[in-house]
Amino acid sequence: MGWTGDALPFDGNNDGWPDLYITNMQGHDGYWENQKGESFVRKTFSVFGSTPWGAMGVHAFDWDQNGYFDIYVTDMHSDMSKDVPPILSEEKKKSDIQFPEQYLRSGGRSIFGNAFFQNNGDGTFNEVSDQMGAENYWPWGLSVGDLNADGYEDAFVVSSMNYGFRYHPNTLLINDGGKSLKDAEYILGAEPRDGGRTAIPWFEVDTDSNEKDHPAIQEVLHTNPDAKNVSVWGALGGRSSAIFDIDSDGDLDIVTNDFNSEPTILVSNLSERKPNLNYLKVSLRGIASNREGFGAIVRVQTGVQVWTQLFNGKSGYLSQSSFPLYFGLGPIQTVDSISIEWPSGKKQTINGPITSNQLIKIEEEPGAPTLERAIHNTPAKPNGHNHGH
């Protein structure tokens with residue numbers, strides 16, 4: 001497959017079976033369609049046409065709330081081809097690739113930057129990253145969550161390099177009602193970092209040692225020939241992140257894992273500033289399915305509005321999660337139902353009215369069909385009562 005750092009199980013062709021998208025840090029990503037639990041068939045180019053060349057993270061979410069899962073892929077390694085000045089308009093462009101084709105082996109089927117594959121609902125996708133504003137510079141881990149609780153999930157992309165490169169801020173993209181993604185890291189306070197920190201001591205060198213020929217040391221000695229112990233600094237930067245309600249106050253917070261430094265914790269004050277905040281948290285408990293319910297699709301519905309999320313326990317590159325699903329509801333205070341498609345094949349509905357601002361614990365109904373029954377089309381047992389706690 002290649003140099004893989006992240007994988008995404010999700011139902012790409014809406015046939016009820018989880019397919020698999022696997023990133024490749026230098027080369028084509030891979031997409032395999034599930035053949036009803038019997039085998040996988042690779043269909044990368046027939047489904048996507050082209051994929052990012054230097055992918056790091058991948059996440060599936062219904063960004064425009066039309067019931068289908070779209071795919072966001074971050075590509076860091078393409079950005080290593082050429083330095084870009086710290087100008088947002090330049091950082092939002094695809095990479096001006098300088099690597100030769102002999103090295104790339106692209107075959108004309110690579111995207112040199114982030115990709116956003118919008119699901120057409122028929123097993124095909126359109127790549128719309130530039131139209132949406134999903135491009136950024138030096139992206140690594142990707143996390144998704146409704147940070148402003150308006151009903152549309154937003155994205156946080158850990159964006160950086162470290163020693164030898166300039167500092168780059170993390171990227172926070174607010175979902176503008178399923179129309180585009182808006183850069184908001186400085187507006188919402190994710191940047192600048194606490195105290196304006198952009199760099200930390202990276203290593204120390206004794207100028208009397210064999211390492212004195214290091215370029216950074218030579219630069220110091222050029223201005224201060226008597227320097228002895230030299231501290232070389234490098235840019236701060238992370239690799240992964242997770243979004244969850246760390247202080248249980250009803251809004252989502254962000255935790256990043258910084259490389260060679262302590263984590264960064266970004267605590268939201270949305271619940272304080274927005275007293276009419278509405279949300280639901282949904283926690284699953286599998287019976288016939290796996291205990292955590294990983295692989296379940298959860299839909300929250302009211303009137304004609306449906307919010308859809310996939311519970312697969314992932315947060316992008318180098319980050320996993322098992323916390324409750326979080327549904328921002330905007331102005332909605334009561335929902336009509338919560339429905340779950342369990343990995344076992346069972347479909348279950350919890351009927352309302354269900355009031356907002358609470359955690360709903362849902363246990364899979366007894367008698368859910370097993371995967372073996374689903375494969376052989378054996379009739380499932382009659383439904384029991386729904387279990388909602």
| request: Give a yes or no on whether Leu284 and Ile297 share a hydrophobic cluster (residues Ile, Leu, Val, Met, Phe, Trp, Tyr; joining criterion: side-chain heavy atoms under 4.5 Å apart). | output: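 No, separate clusters.
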Should the pair [X]-[Y] be classified as a salt bridge under the 4.0 Å nitrogen-to-oxygen rule?
{"X": "Asp258", "Y": "Arg193", "answer": "yes"}
{"X": "Arg166", "Y": "Glu91", "answer": "yes"}
{"X": "Lys94", "Y": "Glu135", "answer": "yes"}
{"X": "Glu33", "Y": "Arg42", "answer": "no"}

| task | Each residue besides Met132 in its hydrophobic cluster should be listed here, by chain and number; the cluster joins Ile, Leu, Val, Met, Phe, Trp and Tyr at side-chain heavy-atom distances under 4.5 Å. | result |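 Reading the cluster by chain and number, Met132 sits alongside Phe61, Trp63, Tyr72, Phe116, Val128, Leu142, Val144, Val157, Leu173, Leu181.
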| said: To the nearest 0.5 Å, what is the distance between OG1 on Thr74 and CG on Asp6? | reply: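 The OG1 atom of Thr74 sits 8.0 Å away from the CG atom of Asp6.
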Angle class for the [X]/[Y] ring planes (parallel below 30°, perpendicular above 60°, tilted otherwise)?
{"X": "Phe48", "Y": "Tyr21", "value": "perpendicular"}
{"X": "Phe323", "Y": "Phe244", "value": "parallel"}
{"X": "Trp53", "Y": "Phe112", "value": "tilted"}
{"X": "Trp140", "Y": "Tyr317", "value": "tilted"}

| query | Does any N or O in the side chain of Asn34 come within less than 3.5 Å of the main-chain N or O of Pro18, such that one atom is a donor and the other an acceptor? | reply |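 Yes: the side chain of Asn34 pairs with the backbone of Pro18.
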